Amino acid sequence: TVTTRLDDAYVKRIDELAAQNGVDRSALLRSLLLYGLREKTIRDALEEYTAGKRSLWEVAERCDLSLWEIIQEVRARHIHASYDLKDLEKDLRDLHE
């Protein structure tokens with residue numbers, strides 16, 4: 001169980017959205033938190049990738065996505081992929097470990 005305080009205006013918006021989606025407040029909040037957690041994990045991992053701190057394969061593993069799924073995320077977010085032969089070789093070694 002997790003407890004947090006929100007302004008009444010946010011609670012009203014949450015309740016409205018829950019009603020629109022035909023779910024209760026708890027179900028909507030759970031869905032929003034999981035979505036936000038996934039999004040934040042992907043965003044942080046891709047920032048590390050663009051900074052050269054992680055390979056694309058490491059990013060995929062951290063985000064619990066396949067390599068192809070993370071490549072699609074890179075494309076969708078218009079991130080320049082500086083992926084070269086050295087990176088591919090490292091990812092293939094990591095894959096076989």
Side-chain angles (χ1 to χ4, degrees):
T1 299
V2 176
T3 303
T4 189
R5 296 188 192 284
L6 295 172
D7 291 336
D8 289 342
Y10 287 123
V11 174
K12 181 179 177 187
R13 288 172 56 189
I14 290 166
D15 288 342
E16 289 170 355
L17 191 55
Q20 289 172 4
N21 286 276
V23 296
D24 64 20
R25 182 190 296 168
S26 293
L28 179 68
L29 287 172
R30 189 171 23 262
S31 174
L32 291 171
L33 284 170
L34 293 175
Y35 175 81
L37 180 61
R38 179 183 186 276
E39 181 62 27
K40 178 71 170 142
T41 301
I42 291 171
R43 186 178 312 145
D44 289 353
L46 287 174
E47 284 178 11
E48 291 177 347
Y49 169 71
T50 58
K53 296 178 182 177
R54 287 186 187 263
S55 72
L56 209 51
W57 181 251
E58 290 169 327
V59 169
E61 284 184 326
R62 178 175 176 200
C63 298
D64 197 27
L65 297 172
S66 72
L67 184 58
W68 304 117
E69 289 171 321
I70 204 65
I71 288 171
Q72 287 189 333
E73 288 289 337
V74 166
R75 286 182 183 156
R77 295 164 192 255
H78 306 288
I79 296 171
H80 175 68
S82 57
Y83 197 74
D84 59 16
L85 183 58
K86 180 181 167 188
D87 294 325
L88 175 62
E89 289 170 346
K90 181 180 183 317
D91 285 343
L92 289 173
R93 278 193 308 274
D94 291 347
L95 181 62
H96 291 292
E97 290 179 0

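Small disclaimer: the values here were computed from a predicted structure and weren't measured.
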Pairs under 3.5 angstrom only: tabulate donor-acceptor contacts from the side chains of residues 28-37 to other protein residues two or more places apart or in another chain.
none

Approximate separation, where rounding is to 0.5 Å, of Glu48 CD and Thr50 OG1: 9.0 Å
Please output the side-chain donor-acceptor pairs of residues 7-15 that fall under 3.5 Å, not counting sequence neighbours, one pair per line with the distance.
unit_1, atom_1, unit_2, atom_2, d
Asp15, OD1, Arg25, NE, 2.7
Asp15, OD1, Arg25, NH2, 3.2
Asp15, OD2, Arg25, NH2, 2.8

CD on Glu16 to CG on Asn21, rounded to 0.5 Å: 12.0 Å
Rounded to the nearest 0.5 Å, what separation is found between the NZ atom of Lys86 and the OG atom of Ser55? 11.5 Å
Sequence-distant partners of Lys40, side-chain hydrogen bond (donor to acceptor under 3.5 Å, both in side chains), two or more places apart: Asp44
Which pairs count as side-chain hydrogen bond (donor to acceptor under 3.5 Å, both in side chains) when at least one residue sits in residues 66-75, sequence neighbours excluded? Ser66-Glu69, Glu73-Arg77
Suppose we screen for salt bridge (charged side-chain N to carboxylate O under 4.0 Å, His left out). Which residues come up paired with Asp24, at least two apart in sequence or across chains? none
Salt bridge (charged side-chain N to carboxylate O under 4.0 Å, His left out) partners for Lys90, two or more places apart: Glu58, Asp94
In Å, rounded to the nearest 0.5 Å, how long is the span from CD1 of Ile70 to CZ of Arg62? 10.5 Å
At their closest point, which heavy atom of Ala45 faces which heavy atom of Val59, and how far apart are they? O-CG2, 3.4 Å
